[in-house]
Amino acid sequence: MSYYDIDAILTDAQKVPCIFEITIPGLGYLEGNSNTDIKQGTRVELPLWLGEMLGVSQRLGTMTNVVSLDLPTALGPRIQNALKADPTTVDLRSLASHFYSLGERILSLLEEDELVDILTETFKKRAAEIADHAHNPAGAIGGGGGDFLKGLDENERHLFRTAHESAKAIKQFLADRNSSKK
């Protein structure tokens with residue numbers, strides 16, 4: 001992650017469910033209770049960057065982790081099942097604007113082999129659909145592809161822009177080549 005990478009900053013700001021493994025005095029405000037302790041077993045949604053730091057605290061010399069991380073809703077079992085069924089129908093942008101980046105960061109923290117496979121297959125299937133829409137934008141928008149395009153996460157939007165610009169450049173190249181031969 002680059003310090004100045006806005007996409008990385010926005011990914012790290014995504015909320016993840018965390019369960020406190022120990023009681024911590026004075027942190028009750030994290031769950032909306034001022035001037036109280038946060039009790040062991042309390043479930044709180046924290047920004048990914050904070051959850052990660054507290055989740056790996058055992059490596060920093062404490063006897064136990066301060067929190068245990070759970071999968072965010074955007075990567076939970078319900079969404080995984082929807083992605084297995086038909087990944088092109090899922091609006092990834094409404095789940096997390098940086099869906100794949102969130103998945104990458106979560107997978108660096110948790111061992112979820114099935115999630116790796118699901119995200120890989122999802123990207124492959126959606127990339128093929130994105131390429132189709134990028135090379136035929138009139139058909140994509142007129143043929144109901146507008147909803148699909150609205151649901152692209154930031155990585156997919158970048159892929160779409162790149163594929164669309166490439167298709168335009170190839171058409172221009174071929175047109176220039178054909179006009180120069182005449």
| query | OG1/Thr42 to CG/Asp37 distance, rounded to the nearest 0.5 angstrom? | reply | 10.0 Å
| message | Applying the side chain to side chain donor-acceptor pair (under 3.5 Å) criterion to His98, which one of Asp7, Asn155, Asp153, Thr11 satisfies it? | response | Asp7
| Flag, side chain of Ser97 to backbone of Arg93, donor-acceptor distance under 3.5 Å | no
| task | Could you go through the side chain to side chain contact (heavy atoms under 4.5 Å, CB included) check for Lys15 and Thr73 one step at a time? | result | CA-CA 9 Å; Lys15 301 283 181 145; Thr73 306; over 6 Å; no
| request: Establish whether Leu71 and Val16 are linked, either directly or via other cluster members, by ILVMFWY side-chain heavy-atom contacts under 4.5 Å. | output: yes
| message | Grouping I, L, V, M, F, W and Y whenever their side-chain heavy atoms are under 4.5 Å apart, do Leu107 and Leu83 come out in a common cluster? | response | yes
| message | Does Ile9 form a side chain to side chain contact (heavy atoms under 4.5 Å, CB included) with Asp5? I'd like the steps, not just the answer. | response | CA-CA 6 Å; Ile9 293 168; Asp5 183 5; 6.0 Å; no
| request: Any chance you could measure Leu92, atom CG, to Leu119, atom CG, to the nearest 0.5 Å? | output: 9.0 Å
| Salt-bridge criterion met for Glu114 and Lys84 (N-O under 4.0 Å) | yes
| Glu104, CD: over 12 other non-hydrogen atoms inside 6.0 angstrom | no
| message | Hydrogens and angles aside, do Thr23 and Gln40 bring a side-chain donor and acceptor to less than 3.5 Å of each other? | response | no
| query | Roughly how far, to the nearest 0.5 Å, is OG1 of Thr120 from NZ of Lys125? | reply | 11.5 Å
| query | Rounded to the nearest 0.5 Å, what separation is found between the CD1 atom of Ile118 and the CG atom of Asn81? | reply | 7.5 Å
| Rounded to the nearest 0.5 Å, how far does CG of Leu75 lie from CG of Leu95? | 8.5 Å
| said: Under a plain distance cut-off of 3.5 Å, with no hydrogens placed, do Glu156 and Tyr100 share a side-chain donor-acceptor pair? | reply: yes
| query | Charged N to carboxylate O below 4.0 Å: is that the case for Lys150 and Asp91? | reply | no
| query | Thinking salt bridges, do Glu121 and Lys124 make one under a 4.0 Å N-O criterion? | reply | yes
| note | Between Gln14 and Ala96 the two heavy atoms that sit nearest each other are OE1-CB, 3.8 Å
| query | Do Phe160 and His133 have their ring centres less than 6.0 Å from each other? | reply | no
| task | Starting at CD1 of Ile130, measure out to NE2 of His164 and round the result to the nearest 0.5 Å. | result | 14.0 Å
| request: Examine Ile24 and Val44 and state if one hydrophobic cluster contains both, with Ile, Leu, Val, Met, Phe, Trp and Tyr joined whenever side-chain heavy atoms are less than 4.5 Å apart. | output: yes
| task | Identify whether Trp49 and Leu46 are in the same connected component of the hydrophobic contact network (ILVMFWY, side-chain heavy atoms under 4.5 Å). | result | yes
| field | Cluster link Val90 to Val116, ILVMFWY, side chain under 4.5 Å | value | yes
